[in-house]
Protein chains: 2
Amino acid sequence: MTTTAPQRRASISDVARTAGVSVGTVSNVLNRPDRVSPATRDRVLAAIDKLSFVPNGSARQLRAGTITTAGAIVLDVANPFFTDVARGIEDRLSQDDFTVMLASSDEDPDREARYLRLFEEHGVQGIMVVPATSDIDHLLAVRRRGVAVVLLDRPSPVSGLSSVAVDDVAGGEMAVRHLLTLGHERIAFLNGPHFIRQCADRWTGARRAVADAGLDPDEVLVDVTISSHNADGGEAGMREILQMPDVPTATFCINDLAALGALRVLRREGISVPHGMAVVGYDDVDFAAELSTPLTSVRQPTHQLGFRAADLLLADPASAAEQITFQPELVVRASSTGVAQA
Amino acid sequence: MTTTAPQRRASISDVARTAGVSVGTVSNVLNRPDRVSPATRDRVLAAIDKLSFVPNGSARQLRAGTITTAGAIVLDVANPFFTDVARGIEDRLSQDDFTVMLASSDEDPDREARYLRLFEEHGVQGIMVVPATSDIDHLLAVRRRGVAVVLLDRPSPVSGLSSVAVDDVAGGEMAVRHLLTLGHERIAFLNGPHFIRQCADRWTGARRAVADAGLDPDEVLVDVTISSHNADGGEAGMREILQMPDVPTATFCINDLAALGALRVLRREGISVPHGMAVVGYDDVDFAAELSTPLTSVRQPTHQLGFRAADLLLADPASAAEQITFQPELVVRASSTGVAQA
DNA sequence: CACACTATATGAACCGATTCACAACGGGAG
DNA sequence: CTCCCGTTGTGAATCGGTTCATATAGTGTG
């Protein structure tokens, strides 16, 4: 083995000693180079190089207070919806030379709390979070301690907290309205648990669409709860649907990943889409248009969502909190109408 | 506005004062509760609660040394391949109660360096990184300073550094061999720039397959460089291919995202797949099997990749560095053979 | 040549935790 | 009634930077 012994990291005083200057001067070279004469500056830089000195962020931060880093906690980094949001965040923050640390809570409140604490302890400027619970008191507490908090994909229930969200009631409504217009009278909703806000809101929207059409939501809509919001969850959900005594003619899925799983089962069972079963997804991910049956889906402005969230995070903390709501958009494709798009 | 004034964060001495004990005692309550009598412990906990005290991570770390956090830098968080790898990392690290901070370099060496430094300054236990450059001296330097470094998706060129990778030469070879077997004699390779190792290796493999078949790589293979490894890049690349004087009959894409874009163009142009143009992707992402023409793709053990990388990161730093190489696997579907799969 | 003033360098105090040698206390043994 | 020891609590030193009041050298002016 050729690994060098990992000796103690060089500190600023080591640098000062080898350069023959005081620690204050080294610090000045690092932070206000113009205050230092070129000759000493070079000497110090040489010493830094020689010792391969990397300043200790903890020490710096301890003294200086805060840093140009923000945290983001999403439900699942493997979900394209959230990664698109994360891209939006990164794109905005890097404009201000901020860095983002991304973490995924897996919808587990404990994990969320752990990351929240990790970020707070490390003194991030702010945290953007897709809450795993409906209760957000813990987030308000963080806010109260002086850390900027922006709710992602979730409108803030209180005025003191900034948030960026998409109108999920409208999204659920437009999807189901679309299916009703096509004549479906029994519609399954492959949904997540209702304590997740998005799920509850889309359900509300779905019921509203049915009611508006003069039908009884309890008769038309079948709530199928899936445990994981991905293709596996979608598979399980669709299998459950197909075993119902009175099989629905259409399925609305909580996201495109779940729809993907649902389509997989339908293909395996030889059920044609949309004639045997119409399918509508949510998120309009990249590949939705390219599936064997192009997927009708509710599109959300993901990149915008992240971008604006980062905007709010960077906003003057003294300014009023802001709640932004975007509107979703239905993208109709063959999985519901049976007509391929141009 | 109801925002509370963000007063200074409470410190351990504030807690000590309100609880009427010394700072040492508060610290003991936090870290060795058994050393403190129940009565005082309760008093301290009450004070902590009252002041909603959150220990300052920088201070703790400054004193204590290192923390249970690791960093991961990938090329693009929006790419399912990398997020699957990230999941593997998270799954392994959370077993040891470590937390992961994820960042994406966007293939930009400067951004990579920025995150590398950020992580190092914050004293992470180790960093897993998909290098944006072929040169890895800067990573060796980080290693030398005592931070564990594991190369992701890239075999280490030196024995002192751990790495986890997939054999990309083999991957390129099997993809092209497959196309040759099907009778294609002019094959486009929608590839990224060759200074990216994966791209170079797969190109090498592709040439080897051609040479092994007794043909001239320079005549059979057409190298088409795309700038971004996503659907947009794939679109641009396929448009370029279609304008060639002697249009290839098959296209091998650097990843499934690019293949997605390529398929999009082909559909728009009314070119049938695989008869007008066979397409092979790479990564075998979730949706590959569900595309309008199910995509032949080279599958990589993504989750394993991340999981093992995290394993190596957590390994005893004194133990020898380890290089792990996985083998890819060709998954044949209709986009190359024209025969739908079961 | 004295004086003011600038440019540069110094080093001690400080940020907020952890740690450890030491003090105080109380109970049991002799 | 001492002495010893274990339990509990104390507070100063420490980690590695930043900052700022202060010292010193050098420059130019009247």
Side-chain angles (χ1 to χ4, degrees), chain A residues 7-45 47-48 51-69 117-118 120-124 145-147, chain B residues 7-45 47-48 51-69 117-118 120-124 145-147:
Chain A
Q7 69 276 30
R8 198 178 55 80
R9 258 168 81 162
S11 82
I12 199 172
S13 57
D14 296 326
V15 174
R17 200 172 323 113
T18 58
V21 296
S22 74
V23 293
T25 302
V26 176
S27 177
N28 280 333
V29 169
L30 259 32
N31 304 302
R32 337 243 239 314
D34 47 308
R35 281 236 203 307
V36 182
S37 76
T40 36
R41 193 191 312 154
D42 289 347
R43 224 153 15 105
V44 171
L45 289 176
I48 287 177
L51 302 176
S52 77
F53 162 75
V54 174
N56 181 319
S58 308
R60 176 205 301 267
Q61 197 178 323
L62 174 58
R63 187 68 237 262
T66 148
I67 45 170
T68 58
T69 297
R117 193 179 175 94
L118 180 76
E120 185 176 358
E121 287 187 354
H122 282 71
V124 297
R145 282 183 227 113
V147 179
Chain B
Q7 68 275 29
R8 194 178 57 79
R9 255 168 84 161
S11 82
I12 199 172
S13 58
D14 295 327
V15 174
R17 200 172 320 113
T18 58
V21 297
S22 75
V23 293
T25 303
V26 176
S27 178
N28 280 333
V29 169
L30 259 32
N31 304 303
R32 331 242 247 305
D34 47 309
R35 283 238 200 307
V36 182
S37 77
T40 38
R41 193 190 312 154
D42 289 348
R43 224 152 17 103
V44 171
L45 289 175
I48 286 177
L51 302 176
S52 76
F53 162 74
V54 174
N56 182 318
S58 308
R60 175 206 301 268
Q61 197 178 322
L62 174 58
R63 190 65 238 266
T66 145
I67 46 170
T68 58
T69 298
R117 193 180 176 90
L118 180 76
E120 186 176 358
E121 287 187 354
H122 282 69
V124 296
R145 281 183 229 112
V147 179

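Side-chain atoms are counted along with the backbone in the values below, which use heavy atoms only and exclude waters and symmetry mates. A, B, ... follow the sequence lines: proteins, then strands. Residue 1 opens every chain.
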Atom pair distance, as rounded to whole Å: [atom1] in [X] and [atom2] in [N]:
X      : N      : atom1 : atom2 : answer
B/I12  : D/dC15 : CD1   : P     : 18 Å
A/R43  : C/dA9  : CZ    : C1'   : 11 Å
B/R17  : D/dG11 : CZ    : C1'   : 15 Å
A/R35  : D/dA21 : CZ    : P     : 12 Å
B/Q61  : C/dT18 : CD    : P     : 12 Å
A/N31  : C/dT8  : CG    : C1'   : 16 Å
A/D42  : C/dT8  : CG    : C1'   : 15 Å
B/R117 : D/dG17 : CZ    : P     : 11 Å

For [N], take OP1 and OP2 only and decide whether either is under 4.0 Å from a side-chain N or O of [X].
X     : N      : value
B/S11 : C/dC15 : no
A/S58 : D/dG16 : no
A/N28 : C/dT8  : no
B/T25 : D/dT10 : yes

Worksheet item: When only distance counts, do a donor and an acceptor, one from the side chain of B/R63 and one from the base of D/dT14, lie under 3.5 Å apart?
Response: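 Answer is yes: a donor-acceptor pair is held.
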Discussion item. Over all strands shown, is B/V26 touching base, sugar-phosphate only, or nothing at heavy-atom distances under 4.0 angstrom?
Written reply: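 Touches nothing.
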Discussion item. What I want to check is whether the side chains of A/Q61 and B/H122 have a donor and an acceptor closer together than 3.5 Å.
Written reply: yes
Listed nucleotide nearest any side-chain atom of [X], set [options]:
X     : options                : value
A/N56 : D/dG9, C/dT18, D/dG17  : D/dG17
B/S27 : C/dG16, C/dA12, C/dT19 : C/dT19
B/S22 : D/dG17, D/dG9, D/dT10  : D/dT10
A/L62 : D/dC15, C/dC15, D/dT18 : C/dC15
A/R60 : C/dA17, D/dG9, D/dT18  : D/dT18

Worksheet item: Got more than 12 heavy atoms from elsewhere within 6.0 Å of CZ, B/R41?
Response: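 Result for CZ/B/R41: enclosed.
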Worksheet item: Is A/R43 atom CZ crowded by more than 12 heavy atoms from other residues, nucleotides or ligands, each under 6.0 Å away?
Response: yes
Item to complete: Nearest-nucleotide wise, let me know which of A/V23 and A/R41 is further upstream toward the 5' end of DNA chain C.
Response: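 That would be A/R41.
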Discussion item. Applying the side chain to side chain contact (heavy atoms under 4.5 Å, CB included) criterion to A/V15, which one of A/V21, A/T25, A/V26 satisfies it?
Written reply: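 With A/V15 as partner, side chain to side chain contact (heavy atoms under 4.5 Å, CB included) holds for just one option, A/V26.
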Worksheet entry | Step-by-step side-chain contact (heavy atoms from CB on, under 4.5 Å) determination, B/L30 to B/R60 | CA-CA 12 Å; B/L30 259 32; B/R60 175 206 301 268; 5.6 Å; no
